[in-house]
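A short worksheet on the structure shown next.
Residue numbering restarts at 1 for every chain, and letters A, B, ... go by the order of the sequence lines.
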2 protein chains.
Amino acid sequence: MSLPPRKGRPTQVDIARRAGVSQATVSLVISGGAVSDQVAESTRQAVLAAAAELGYTANVAARRLRGKRNHLLGVYTFEPVFPVDQRDFYYPFLVGVEETTAALGYDLLLFSSVTSAADRSIYAGGVNRLRIADGCVLLGRNVRRDELAALVREDFPFVFLGRRELPDGELSYVAADYVTATSDMVTTLAGYGHERILYLRAIEDTEPTLDREAGYRQGLAAAGLAVDESLIQALADPAELTAEHLEHWIGRYGATAVLIEPTEDTRLTTALDAIAATARIRFPHDCSVALLGDPPTWSPDQRDWTRFSLPRIEMGREAARMLIDLLEDRQDAPRHRSLPCSFVPGDSIGPAPSAGPS
Amino acid sequence: MSLPPRKGRPTQVDIARRAGVSQATVSLVISGGAVSDQVAESTRQAVLAAAAELGYTANVAARRLRGKRNHLLGVYTFEPVFPVDQRDFYYPFLVGVEETTAALGYDLLLFSSVTSAADRSIYAGGVNRLRIADGCVLLGRNVRRDELAALVREDFPFVFLGRRELPDGELSYVAADYVTATSDMVTTLAGYGHERILYLRAIEDTEPTLDREAGYRQGLAAAGLAVDESLIQALADPAELTAEHLEHWIGRYGATAVLIEPTEDTRLTTALDAIAATARIRFPHDCSVALLGDPPTWSPDQRDWTRFSLPRIEMGREAARMLIDLLEDRQDAPRHRSLPCSFVPGDSIGPAPSAGPS
DNA sequence: AGTTGATCTTAATACGTATTAATAAACTCG
DNA sequence: CGAGTTTATTAATACGTATTAAGATCAACT
């Protein structure tokens with residue numbers, strides 16, 4: 001009896017030898033191409049038997065080289081996903097992606113990078129590792145647009161989690177509807193009688209920020225309020241948000257409510273807690289506060305800020321679905337999808353303080 | 001002037017043509033092998049220039065095919081769901097595996113499709129899908145030994161997270177040292193004056209259970225206490241643990257302390273909380289309680305049970321390291337490694353109640 | 001000039017698969 | 001029974017890279 005070839009993983013050649021046929025025949029049987037049904041039933045059985053005995057699995061790299069798929073979906077993040085600490089903004093996306101990926105019969109490939117968050121690159125080492133997967137879900141705030149553009153150019157199938165636009169090429173994404181969510185928040189505040197609503201935005205002009213600003217303006221317009229540009233302030237580092245700052249804005253500009261864009265880390269909520277601790281400003285008595293997104297981690301002892309919450313798991317699911325649609329040619333790129341955020345009442349907004357300045 | 005070859009992505013051949021050298025030279029320059037410095041500086045520059053102009057990036061598939069390694073580490077779990085939920089018992093293992101995998105230049109392949117399929121077998125469809133990866137880390141309590149044996153037979157490189165033994169073949173694993181941890185726990189209790197220590201074990205004879213039992217006996221022996229077999233009780237379903245049961249064991253067998261093997265779900269801690277809620281037995285006043293492992297989720301409102309804790313993240317790291325060692329031929333299989341557990345004092349043990357039975 | 005080295009470049013090959021074109025075998029039919 | 005037809009199999013090739021052994025060019029030295 002011929003011993004199984006004991007070196008490394010079995011290949012089609014090994015199967016062929018064992019079944020007494022050619023490699024080509026093995027390929028026909030296994031990958032079932034168009035000519036596949038021409039092969040005799042007896043040989044088919046022989047090949048399958050030999051393959052099973054050897055524990056054969058097709059080599060991913062070889063198939064990819066040949067231009068074939070492997071039912072592998074990649075996930076790449078521009079920031080680390082797996083949090084050792086509990087501050088995991090990106091984690092729920094991964095859960096959603098995994099869930100759908102598994103349900104649709106794909107396996108999930110996590111592209112984690114050795115390099116620190118700063119110089120994280122898809123093309124590290126002059127290679128695009130992502131291509132070993134059939135397609136990829138990308139996420140992260142600090143996206144390198146040049147690399148996104150490069151991916152589009154080499155038309156690698158991918159879906160971005162979050163809205164991203166490129167000057168030249170178009171890409172597919174699944175985003176949270178920040179515009180509507182922010183607008184609704186403004187409407188809610190207006191309903192409470194607020195007319196001077198401060199909006200603290202991130203300093204960079206990324207899409208999530210731009211969308212929130214658009215929503216802010218839209219909400220004001222809907223409420224019949226004029227936009228005062230001095231009520232839109234950029235915050236480079238949320239940690240710099242102090243009671244003094246806030247008092248300044250309240251006193252000088254007459255703000256009665258503030259909308260803040262949270263960061264993925266704990267800086268913002270820490271700063272807010274610090275302000276609340278001074279007892280110089282009470283939320284919502286002196287000033288209503290609403291977060292335009294999720295604070296990084298919900299921990300039980302954390303204040304229940306009024307906010308809206310991204311459907312992160314559902315976004316992950318949708319991204320995986322969309323990507324698989326693209327891969328299986330049910331849809332042409334690019335596709336865009338926005339999912340609604342949910343309103344979390346919380347306890348940090350309330351009626352506007354009576355107009356008279358003390 | 002020669003136009004850039006307008007078909008798909010540029011390859012080394014394209015670069016070669018443009019720079020007027022051979023593909024081999026291009027490869028030497030780009031991938032900088034051992035012979036790389038023999039290439040003349042002028043040609044090197046020419047090649048690099050051409051590469052830059054064409055926007056060349058190496059093809060991963062080709063590289064990996066050539067390198068005979070996919071640089072993929074798999075993770076497979078015998079549990080019904082993939083531990084992608086943060087609160088899952090197995091999640092920290094995944095974190096550790098991911099971390100080391102990335103650090104050593106591999107990517108992580110989650111076999112979620114295999115896990116979620118109806119016939120959840122490694123060999124679903126007659127093929128061993130795990131072979132996609134270069135090697136695999138396996139997890140889970142309810143192991144299918146036949147499949148493990150099959151993997152060993154095909155000598156597929158894998159490492160099990162947790163001690164597992166097979167009748168015939170040997171396999172590599174990274175385990176928690178349950179024997180020492182349990183023994184130490186017994187020693188601690190003995191130090192508190194306990195002489196009748198009840199051990200509630202899982203009903204199945206899996207290695208983790210066997211190890212704990214061995215540790216229990218070893219600890220008693222070290223403390224100079226005899227083993228009373230009637231103090232070793234199997235618990236099919238932890239939910240069946242009631243105040244009545246416990247009172248029975250305390251009253252009838254004179255137990256003053258109890259060691260319990262936790263399950264991965266919340267059944268045990270729920271049952272214990274229920275008992276505590278009846279106020280018929282107070283821990284540790286009436287009876288000391290220690291868990292032989294981690295309760296599934298640490299939530300802040302949960303009682304701080306005395307227990308030992310597995311170094312799950314570190315185990316994950318070690319498993320990945322071991323597997324990569326095996327893959328890169330630095331080590332022969334099988335390898336075994338046990339990591340020490342850490343003692344968590346908690347508040348559920350105390351001095352033995354005075355001997356007199358009320 | 002002829003031999004030996006040193007330096008640089010390239011032809012050839014293997015990695016494992018999928019596919020096309022070609023071949024061999026068996027079968028049909030006039 | 002040979003020509004044509006169908007059916008089953010395989011030889012040959014391409015995918016893009018890395019590497020080894022061999023070739024070419026030129027300098028140096030007997």
What residues, two or more places apart in sequence or in another chain, satisfy side chain to side chain donor-acceptor pair (under 3.5 Å) together with [X]?
| X | answer |
| --- | --- |
| Y76(B) | none |
| E314(B) | R317(B), R321(B) |
| R129(B) | D107(A) |
| R64(B) | none |

Less than 4.0 angstrom between a side-chain N/O of [X] and OP1 or OP2 of [N], yes or no?
| X | N | value |
| --- | --- | --- |
| R63(B) | dA18(D) | yes |
| S27(B) | dA18(D) | yes |
| K68(A) | dT19(C) | yes |

Please state how far atom [atom1] in [X] lies from atom [atom2] in [N], giving the value in whole angstrom units.
| X | N | atom1 | atom2 | answer |
| --- | --- | --- | --- | --- |
| N70(B) | dC15(C) | CG | P | 15 Å |
| L65(A) | dC15(D) | CG | C1' | 4 Å |
| I132(A) | dC15(D) | CD1 | P | 18 Å |
| N59(A) | dT17(D) | CG | P | 16 Å |
| R131(B) | dT17(C) | CZ | P | 12 Å |
| H71(B) | dT17(D) | NE2 | P | 16 Å |
| R17(B) | dG16(D) | CZ | P | 11 Å |
| I30(B) | dG16(D) | CD1 | P | 15 Å |

| request: Using a heavy-atom cut-off of under 4.0 Å over every strand shown, decide if A61(B) touches base, sugar-phosphate, or nothing. | output: nothing
| request: Could you list the residues that satisfy side chain to side chain contact (heavy atoms under 4.5 Å, CB included) with E170(A), not counting sequence neighbours? | output: E165(A), P334(A), H336(A)
| task | Not counting sequence neighbours, which residues clear side chain to side chain contact (heavy atoms under 4.5 Å, CB included) with R145(A)? List them please. | result | R164(A), L166(A), E207(A)
| query | If only atom types and distance count, is the side chain of S31(B) paired as donor or acceptor with the main-chain N or O of S27(B) below 3.5 Å? | reply | yes
| Between the side chain of D134(B) and the main-chain N/O of L73(B), is any donor-acceptor distance below 3.5 Å? | no
Identify each atom pair where a protein N or O and an N or O of nucleotides 8-12 of chain C are less than 3.5 Å apart, giving names and distance.
{"unit_1": "dC8(C)", "atom_1": "O5'", "unit_2": "Q38(B)", "atom_2": "O", "d": "3.4"}
{"unit_1": "dT9(C)", "atom_1": "OP1", "unit_2": "T43(B)", "atom_2": "OG1", "d": "3.3"}
{"unit_1": "dT9(C)", "atom_1": "OP2", "unit_2": "A40(B)", "atom_2": "N", "d": "3.0"}
{"unit_1": "dT9(C)", "atom_1": "OP2", "unit_2": "T43(B)", "atom_2": "OG1", "d": "3.2"}
{"unit_1": "dT10(C)", "atom_1": "OP2", "unit_2": "S22(B)", "atom_2": "N", "d": "3.0"}
{"unit_1": "dT10(C)", "atom_1": "OP2", "unit_2": "S22(B)", "atom_2": "OG", "d": "3.3"}
{"unit_1": "dT10(C)", "atom_1": "OP2", "unit_2": "T25(B)", "atom_2": "OG1", "d": "2.8"}

| Of the nucleotides dT19(D), dG16(C), dA18(C), which has the atom closest to the A62(A) side chain? |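 Within the option list, the nearest is dG16(C).
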| said: Using five base pairs at each end to define the local axes, how bent is the helix from dA1(C)-dT30(D) to dG30(C)-dC1(D), to the nearest 10°? | reply: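 Roughly 80° between the end axes, to the nearest 10°.
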| R335(B): partners by salt bridge (charged side-chain N to carboxylate O under 4.0 Å, His left out), with sequence neighbours left out | D325(B)
